[in-house]
Protein chains: 2
Amino acid sequence: MKLESEHLEILAMIVEKGGLTEGADALGKSQPSVSRTIALLEQRVGVPLFEPGRRPLRPTELGASLARLGSRIHALNLEARQLVDRYSKGQAGRLRIGGTPIFMDGVIASMIAEFQRHHSDVHIEQSYGYGDTLLPHLRNGSLDLAILPMSAAQIPQDMVFVSLLAGRNVIACRSGHPLTRKGTITLADIDLFPWIAPPADSPLYRDLQRALVSIGSQDFRVNFSGGTFASIASVLAGSDSLTVLPYSVVFLTRKTMQLEALPLKIEHPNRQLGMLFAKESATAPALAPFKSFIAEQCRQLEARIQHDQQVTRRRG
Amino acid sequence: MKLESEHLEILAMIVEKGGLTEGADALGKSQPSVSRTIALLEQRVGVPLFEPGRRPLRPTELGASLARLGSRIHALNLEARQLVDRYSKGQAGRLRIGGTPIFMDGVIASMIAEFQRHHSDVHIEQSYGYGDTLLPHLRNGSLDLAILPMSAAQIPQDMVFVSLLAGRNVIACRSGHPLTRKGTITLADIDLFPWIAPPADSPLYRDLQRALVSIGSQDFRVNFSGGTFASIASVLAGSDSLTVLPYSVVFLTRKTMQLEALPLKIEHPNRQLGMLFAKESATAPALAPFKSFIAEQCRQLEARIQHDQQVTRRRG
DNA sequence: TGCTAATATTGCTTTGCGTTATGAAACTGG
DNA sequence: CCAGTTTCATAACGCAAAGCAATATTAGCA
């Protein structure tokens with residue numbers, strides 16, 4: 001015997017509304033339509049679902065039981081509709097975001113938290129990686145968005161890159177570090193302190209090397225490496241070590257993490273930190289609001305950085 | 001937007017089976033059929049439910065979520081089918097049984113307990129009443145079965161009466177009562193003891209009056225009345241009071257309740273304790289097994305009574 | 001590059017749902 | 001008990017959708 005869920009839902013509505021006519025009304029159907037549906041259902045069940053010869057149509061014991069099940073089915077159906085609805089509006093679903101570890105931890109994570117305060121049903125799956133690992137994932141659809149540093153020349157044909165922040169790196173140390181009290185910093189000053197190295201395969205590591213070369217240091221002493229941002233920040237705050245970090249990361253976390261950027265210009269490639277994603281738009285609807293949210297947050301962050309620098313310059 | 005529960009169930013099956021072809025197989029439909037169903041569903045949802053251009057058809061995030069809901073809908077649908085199935089076989093549902101209080105409590109209740117050991121999903125709603133109140137309830141469908149004493153002449157045209165046990169009443173007393181030790185009992189012996197009277201509107205009460213008239217007693221002293229069987233049995237067991245009870249009740253409960261029947265023939269109308277129900281068969285399917293179960297139980301009880309009497313007679 | 005298996009498409013028939021119009025039965029108030 | 005009203009069932013018919021077989025297409029794979 002095959003019962004259609006649709007029929008059970010209709011039965012439930014009739015029982016709930018207490019009558020065939022009202023039930024049909026609530027369902028947006030005509031009265032004869034639901035009448036026949038019930039007749040068909042009764043025929044399939046083989047047992048009357050309503051007591052015969054009663055005008056305000058009263059359900060049988062079995063009819064009432066089936067109606068309860070129909071009601072639960074209807075609730076699930078409704079849930080499905082709402083899910084589709086919210087998903088289409090970008091208020092639900094899953095977003096898979098990958099990015100470079102330090103920037104994700106230091107800047108993006110807190111923005112994600114804020115984003116989820118408005119879009120609580122968007123599940124964000126975060127992963128870490130660099131350009132060479134993120135790009136294939138974007139291409140085969142296992143990643144919706146990558147957040148990484150990139151120069152204009154590097155942008156692949158099939159991708160779109162939206163820049164968020166200047167990719168400027170700085171040499172970071174704990175606040176109150178001896179070097180912060182000096183007016184001008186020389187190579188000899190720098191060479192006194194050990195370095196924290198980011199993961200060896202990261203752009204940051206290459207930036208660190210380049211930066212040191214740019215200020216004349218040929219050799220450098222590494223006393224901590226391989227950690228994520230949380231570890232790096234802890235070691236940095238608890239020692240006189242130095243490291244290279246994106247300025248945005250230092251700026252955002254300097255209060256809580258007790259960090260500071262050294263007033264030392266270092267060379268770095270002309271890169272932007274930004275969002276990379278596939279050109280074709282068959283992506284999760286929640287991606288659009290997420291992208292614009294992150295972009296807006298970064299605009300505000302950029303403005304705060306600008307403002308802060310002006311104040312510092314004026315005071316300095 | 002309107003999603004059909006049917007479609008969600010199909011989606012669930014496809015996702016579960018891991019492929020369109022296998023899903024179609026499991027559903028007993030052709031592959032093109034479910035293919036088009038999914039196409040239609042996707043069109044209504046407006047978002048792809050399966051990743052495009054993948055041969056072992058992999059669901060999208062939304063597709064997977066909807067499939068989970070579809071699966072739950074399917075489970076409820078299955079539950080509905082099973083409910084109908086068990087209901088049709090008389091293994092589920094609700095039975096409303098009404099009967100005379102003493103007989104229901106003393107004989108039928110324990111049989112109901114036994115019945116439910118085999119039919120655990122049959123919910124029995126018991127109520128009490130006499131012929132004049134039970135009959136209308138049977139007629140308007142608010143009662144499925146009545147259990148009461150009735151003579152052949154009383155059976156209504158539109159009802160069927162199945163007799164269960166002889167309606168013989170006896171005078172009951174506690175076991176070890178002074179009267180049980182006497183060989184022959186006279187009116188004068190009886191008059192020494194007070195009576196427990198059943199409810200004044202019950203057939204038993206009229207039987208009590210008739211019985212006492214039949215043995216010559218004009219007047220009798222009542223020291224307890226209005227109680228249900230449990231109270232009557234307690235008072236009976238704890239005093240030297242007498243009362244009138246169906247022999248079947250005394251027989252079944254004499255061990256646990258410490259009762260005994262006096263070896264005294266009393267006159268009573270030619271009635272049978274039996275089951276009364278409406279002739280037309282639009283009743284709960286569970287009624288049929290219940291009726292035959294009760295009938296069989298009473299046959300066995302009758303046989304035990306017969307056997308017991310023969311043994312008693314031989315010994316006596 | 002071709003083979004194989006999985007999915008889509010096509011063309012057609014049947015089923016069932018939707019409607020309006022209308023008939024029949026049950027409740028209501030006098 | 002008898003109109004009147006309400007409520008449900010039935011009839012006739014158009015249409016959307018489900019069903020199938022046959023066939024085209026395409027992703028994986030060797």
Side-chain angles (χ1 to χ4, degrees), chain A residues 1-45 48-60 63 67 70 73-74 77 136 139-142 280 282, chain B residues 1-45 48-60 63 67 70 74 77 139-142 280 282:
Chain A
M1 172 209 27
K2 194 183 127 195
L3 299 183
E4 298 209 12
S5 302
E6 216 71 26
H7 293 185
L8 295 177
E9 292 180 60
I10 292 174
L11 172 66
M13 186 58 83
I14 292 174
V15 169
E16 183 189 328
K17 296 294 177 185
L20 199 146
T21 309
E22 296 150 280
D25 241 23
L27 288 163
K29 299 179 194 294
S30 70
Q31 171 267 318
S33 179
V34 303
S35 172
R36 201 177 35 179
T37 299
I38 293 299
L40 190 64
L41 183 60
E42 273 189 329
Q43 178 188 317
R44 292 193 184 166
V45 166
L49 301 176
F50 289 94
E51 303 194 359
R54 296 298 268 275
R55 253 322 119 92
L57 217 52
R58 217 169 40 189
T60 303
I73 288 178
H74 185 68
N77 188 300
R139 288 218 172 88
N140 76 10
S142 63
E280 20 108 9
Chain B
M1 172 207 30
K2 194 184 126 194
L3 301 183
E4 298 207 12
S5 302
E6 216 72 25
H7 292 183
L8 295 177
E9 292 181 60
I10 290 175
L11 172 67
M13 185 58 81
I14 291 173
V15 169
E16 183 189 327
K17 296 294 176 185
L20 198 146
T21 310
E22 297 149 282
D25 243 23
L27 289 164
K29 298 179 195 294
S30 69
Q31 172 266 319
S33 180
V34 303
S35 174
R36 203 174 36 174
T37 298
I38 293 299
L40 190 65
L41 182 60
E42 272 188 330
Q43 178 188 317
R44 292 192 185 166
V45 166
L49 301 176
F50 289 94
E51 303 194 0
R54 295 299 266 278
R55 252 323 121 90
L57 218 53
R58 217 170 40 189
T60 301
H74 186 68
N77 188 300
R139 287 218 172 89
N140 75 11
S142 62
E280 21 107 9

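Values below: all heavy atoms of this structure, side chains included; hydrogens, waters and symmetry mates excluded. Here is how names work: the chains are called A, B, and so on, in the same order as the sequence lines, proteins then strands, and each is numbered from 1.
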> For B/Glu6 and C/dT15, what is the distance between atoms CD and P respectively, to the nearest whole Å?
Replying inline: 17 Å
> For B/Lys17 and C/dA6, what is the distance between atoms NZ and C1' respectively, to the nearest whole Å?
Replying inline: 18 Å
> For B/Leu57 and C/dA5, what is the distance between atoms CG and P respectively, to the nearest whole Å?
Replying inline: 18 Å
>> Expressed as a whole number of angstroms, how long is the span from B/Ile38:CD1 to C/dT7:P?
In response: 11 Å
>> Could you tell me how far apart B/Leu11 (CG) and D/dA18 (C1') are, to the nearest whole angstrom?
In response: 17 Å
>> I need the A/Arg54 CZ to A/Thr60 OG1 distance, nearest 0.5 Å.
In response: 10.5 Å
> Atom CG of A/Leu49 and atom CD of A/Gln43: how far apart are they, to the nearest 0.5 Å?
Replying inline: 11.5 Å
> If you look at every heavy atom in B/Gln31 and B/Ala24, which pair is closest and at what distance?
Replying inline: CA-CB, 3.7 Å
> How close do B/Glu6 and A/Lys2 get, heavy atom to heavy atom, and via which atoms?
Replying inline: OE2-CE, 4.4 Å
>> As a test of your reading of the structure, name each stem of DNA chain D as range with range, where a stem is three or more consecutive Watson-Crick or G-U pairs at under 3.5 Å.
In response: C:1-30 with D:1-30
> Between atom CZ in B/Phe50 and atom C1' in C/dA8, what is the gap in whole Å?
Replying inline: 14 Å
> CD1 of A/Ile73 to CG of A/Leu11: how many Å apart, nearest 0.5 Å?
Replying inline: 10.0 Å
> Contacts to DNA chain D from residues 18-25 of chain A, heavy-atom cutoff under 4.0 Å, which residues?
Replying inline: A/Gly19, A/Leu20, A/Thr21
>> Can you build the contact string for nucleotides 16-22 of chain C? Use B for base contact, S for sugar-phosphate-only contact, and - for no protein heavy atom under 4.0 Å.
In response: SBBBBB-
>> Please report the interatomic distance OG1(A/Thr21) to CG(A/Leu57), rounded to the nearest 0.5 Å.
In response: 9.0 Å
> A/Ser5 pairs by side-chain hydrogen bond (donor to acceptor under 3.5 Å, both in side chains) with which of B/Glu4, B/His74, B/Glu9?
Replying inline: B/Glu9
>> With heavy-atom distances below 4.5 Å as the criterion, would you say the side chains of B/Lys29 and B/Ile10 are in contact?
In response: yes
> Which atoms form the tightest heavy-atom contact between B/Gly70 and B/Ala12, and what is the distance?
Replying inline: C-CB, 3.6 Å
>> Determine whether A/Ile14 and A/Phe50 satisfy the following criterion, side chain to side chain contact (heavy atoms under 4.5 Å, CB included), listing intermediate values before the conclusion.
In response: CA-CA 11 Å; A/Ile14 292 174; A/Phe50 289 94; 3.8 Å; yes
> Given atom CZ of A/Arg58 and atom C1' of D/dT7, what is their separation to the nearest angstrom?
Replying inline: 15 Å
> Looking only at heavy atoms, what is the nearest atom pair of A/Ala26 and A/Met13, with distance?
Replying inline: CB-SD, 3.9 Å
